[in-house]
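What follows is a single structure, written as structure tokens, with notes after it.
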Amino acid sequence: MDSKFTKPKGFGEILDHTFSLSKNRFKEFFMILIVFMGPVYLLQAIIQMATGTSFFRENGSGGQWYEQILSNLDNSGSFDSSSLRADIGLIIVGLLSFLLFPVAEAAILFTIQHIQKKEEYTVSSVIKEAFHRFWPILGSSILFGLIVVGIFLIPILLVAFTGVALATAVHPAVGILVGLLLFIGFAIGAGLLITRWSFYFGSVVLDKVSPGFGRSWRLSRKRTWVLFGLYIVFYLIVSIISFAVQLTFGALLGDSVLLGLITNLVSLFTTMIFSVGYGIMYLDLKTRNGAEDLKELIDDYQSI
């Protein structure tokens with residue numbers, strides 16, 4: 001077994017291992033994502049061109065070059081809602097992404113596991129392993145999505161109701177202040193709950209436990225705040241990179257097909273970083289809870 005996986009890691013060690021592994025195995029990880037998402041992004045580009053979007057530059061309004069750039073920044077990311085073909089294409093691309101992205105992330109998890117165990121693998125072999133878990137991944141992901149919607153929807157309704165009630169009965173400022181405090185509290189609580197359940201994916205893929213929420217809850221015990229902090233750091237990294245690319249190329253290219261291709265390639269890179277980080281976090285949890293997992297197996301064996 002790779003020595004980097006044999007001992008529990010701290011916050012900084014997980015980040016360091018994520019970036020070093022992403023750098024050393026960049027070709028394999030990026031190839032996995034290209035195999036899955038490359039055809040989807042190519043289809044998206046073809047649909048955009050077929051619906052009239054310019055490939056190199058979608059000019060904004062304004063006579064001077066700087067006026068066009070400012071207009072491009074305002075219009076970047078917009079879409080023509082009146083075009084039925086564009087809407088249908090967007091739905092198709094979104095559906096394919098929903099089905100294929102989790103399988104690509106599963107293939108990355110299998111790759112990390114093989115690296116951990118120092119086993120031989122190829123890109124095609126980990127892709128086959130990932131497809132073998134397609135239906136459990138799909139079912140568990142849909143269930144997790146419903147849980148996330150419920151976790152956020154219920155607090156939002158409670159905050160809105162409480163804020164409006166206090167604003168009406170006491171004072172608008174009181175309603176706004178209490179609503180803001182409740183929103184922050186509920187947001188942190190929701191983030192912690194999602195963190196506790198989020199490692200269902202690793203359980204479904206690597207340990208073949210579906211839907212995996214119970215196992216995720218046990219593995220993340222006593223590590224919730226650290227894992228929540230890691231998620232925030234990865235989210236900030238992804239957001240900063242995406243914003244920088246969008247700001248730089250969006251000003252020059254506008255809402256063009258080329259901008260979409262560049263943005264999608266960058267999203268593959270950021271997805272790779274997040275997926276590798278997630279895999280290392282999950283395997284670190286398994287390392288920390290190895291003794292408890294062994295105890296569970298012994299208890300299950302004795303109960304037979």
Side-chain angles (χ1 to χ4, degrees), residues 1-2 4-9 14 17-18 21 29 32 36 98-119 121 125-151 190-228 230-231 234 271-272 274-304:
M1 182 178 290
D2 193 325
K4 290 185 177 180
F5 292 94
T6 56
K7 63 177 183 178
K9 299 178 181 62
I14 290 177
H17 195 185
T18 297
L21 189 60
F29 292 141
I32 290 171
F36 280 98
F98 173 77
L99 294 175
L100 294 178
F101 246 131
V103 186
E105 292 172 355
I108 290 177
L109 286 183
F110 278 119
T111 302
I112 296 173
Q113 186 182 59
H114 288 310
I115 295 172
Q116 177 198 30
K117 297 180 178 180
K118 293 186 177 181
E119 297 174 343
Y121 69 92
S125 67
V126 294
I127 288 176
K128 290 178 182 177
E129 288 183 274
F131 269 117
H132 287 159
R133 302 297 299 162
F134 177 79
W135 292 111
I137 290 172
L138 180 61
S140 299
S141 297
I142 292 174
L143 184 57
F144 181 71
L146 294 175
I147 291 174
V148 171
V149 170
I151 288 176
L192 293 174
L193 279 176
I194 292 172
T195 299
R196 292 295 301 270
W197 280 316
S198 65
F199 294 94
Y200 82 94
F201 190 80
S203 300
V204 171
V205 173
L206 299 181
D207 298 324
K208 298 178 175 57
V209 177
S210 301
F213 299 117
R215 178 169 173 76
S216 175
W217 188 270
R218 291 193 300 271
L219 287 175
S220 58
R221 184 178 54 190
K222 299 180 181 180
R223 293 283 293 171
T224 310
W225 283 102
V226 173
L227 298 171
F228 184 51
L230 285 167
Y231 276 139
F234 283 124
T271 299
M272 179 193 71
F274 180 83
S275 299
V276 173
Y278 177 90
I280 292 174
M281 290 161 65
Y282 180 74
L283 293 176
D284 180 68
L285 290 177
K286 289 186 64 177
T287 300
R288 291 175 178 275
N289 292 272
E292 283 133 13
D293 287 346
L294 183 60
K295 185 177 181 297
E296 272 184 37
L297 291 174
I298 294 174
D299 292 339
D300 292 340
Y301 177 77
Q302 290 177 345
S303 64
I304 296 176

Check your understanding: Where do I108 and Y278 land on the side chain to side chain contact (heavy atoms under 4.5 Å, CB included) test, with the steps shown first?
Key -> CA-CA 10 Å; I108 290 177; Y278 177 90; over 6 Å; no

**Study point:** Heavy-atom closest pair, residues P211 and V204
**Key:** O-CG2, 3.4 Å

Review point. Do the non-hydrogen side-chain atoms of V148 and W197 ever get within less than 4.5 Å of each other?
Key: no

Check your understanding: Does R196 offer a backbone N or O that forms a donor-acceptor pair with the side chain of S216 under 3.5 Å?
Key -> yes

Check your understanding: So how far is it from L230 CG to R223 CZ, rounded to the nearest 0.5 Å?
Key -> 7.5 Å

Study note, to complete from the structure: Sequence neighbours excluded, the answer for side chain to side chain contact (heavy atoms under 4.5 Å, CB included) partners of V209 is S203, D207, R215

Study note, to complete from the structure: Separation between CG (N289) and CG (L219), nearest 0.5 Å, reads 5.0 Å

Check your understanding: Got Y231 and I194 here, is their nearest side-chain heavy-atom distance under 4.5 Å?
Key -> no

Check your understanding: Under 4.5 Å between any side-chain heavy atoms of F110 and H132, yes or no?
Key -> no

Review point. Taking C-beta and beyond as the side chain, do V205 and E129 meet within less than 4.5 Å on heavy atoms?
Key: no

Distance-only donor-acceptor hits, side chain of residues 134-144, under 3.5 Å, sequence neighbours excluded:
{"unit_1": "S140", "atom_1": "OG", "unit_2": "P136", "atom_2": "O", "d": "2.9"}
{"unit_1": "S141", "atom_1": "OG", "unit_2": "I137", "atom_2": "O", "d": "2.7"}
{"unit_1": "S141", "atom_1": "OG", "unit_2": "Y200", "atom_2": "OH", "d": "3.3"}

Exercise for review: Assess whether side chain to side chain contact (heavy atoms under 4.5 Å, CB included) is satisfied between L109 and Y282, documenting all intermediate values.
Suggested key: CA-CA 9 Å; L109 286 183; Y282 180 74; 5.6 Å; no

Review point. Can you tell if the side chain of F29 reaches within under 4.5 Å of the side chain of I112, non-hydrogen atoms only?
Key: yes

Practice item. May I have the step-by-step check of side chain to side chain contact (heavy atoms under 4.5 Å, CB included) for Q116 and K286, ending in yes or no? Key: CA-CA 12 Å; Q116 177 198 30; K286 289 186 64 177; over 6 Å; no

Revision key, fill the gap. All heavy atoms of A107 vs all of F36, minimum pair found to be CB-CE1, 4.5 Å

Review point. Should F213 and I147 be marked as a side chain to side chain contact (heavy atoms under 4.5 Å, CB included) after you check the CA-CA gap, both sets of side-chain angles, and the distance that decides it?
Key: CA-CA 11 Å; F213 299 117; I147 291 174; 4.0 Å; yes

Exercise for review: Calculate, to the nearest 0.5 Å, the distance between atoms OG and CZ belonging to S198 and F228 respectively.
Suggested key: 11.0 Å

Exercise for review: List the atom of I151, the atom of A190, and the distance in Å for their closest heavy-atom pair.
Suggested key: CG2-CB, 3.3 Å

Check your understanding: Does a side-chain heavy-atom distance below 4.5 Å link L227 with L285?
Key -> yes

Check your understanding: In this structure, are over 12 heavy atoms from other groups packed under 6.0 Å from K128 atom NZ?
Key -> no

Revision key, fill the gap. To the nearest 0.5 Å, atom CD1 of I115 lies from atom CG of L21 at 4.5 Å

Exercise for review: Indicate yes or no: at least one non-hydrogen side-chain atom of K9 is less than 4.5 angstrom from one of M281.
Suggested key: no

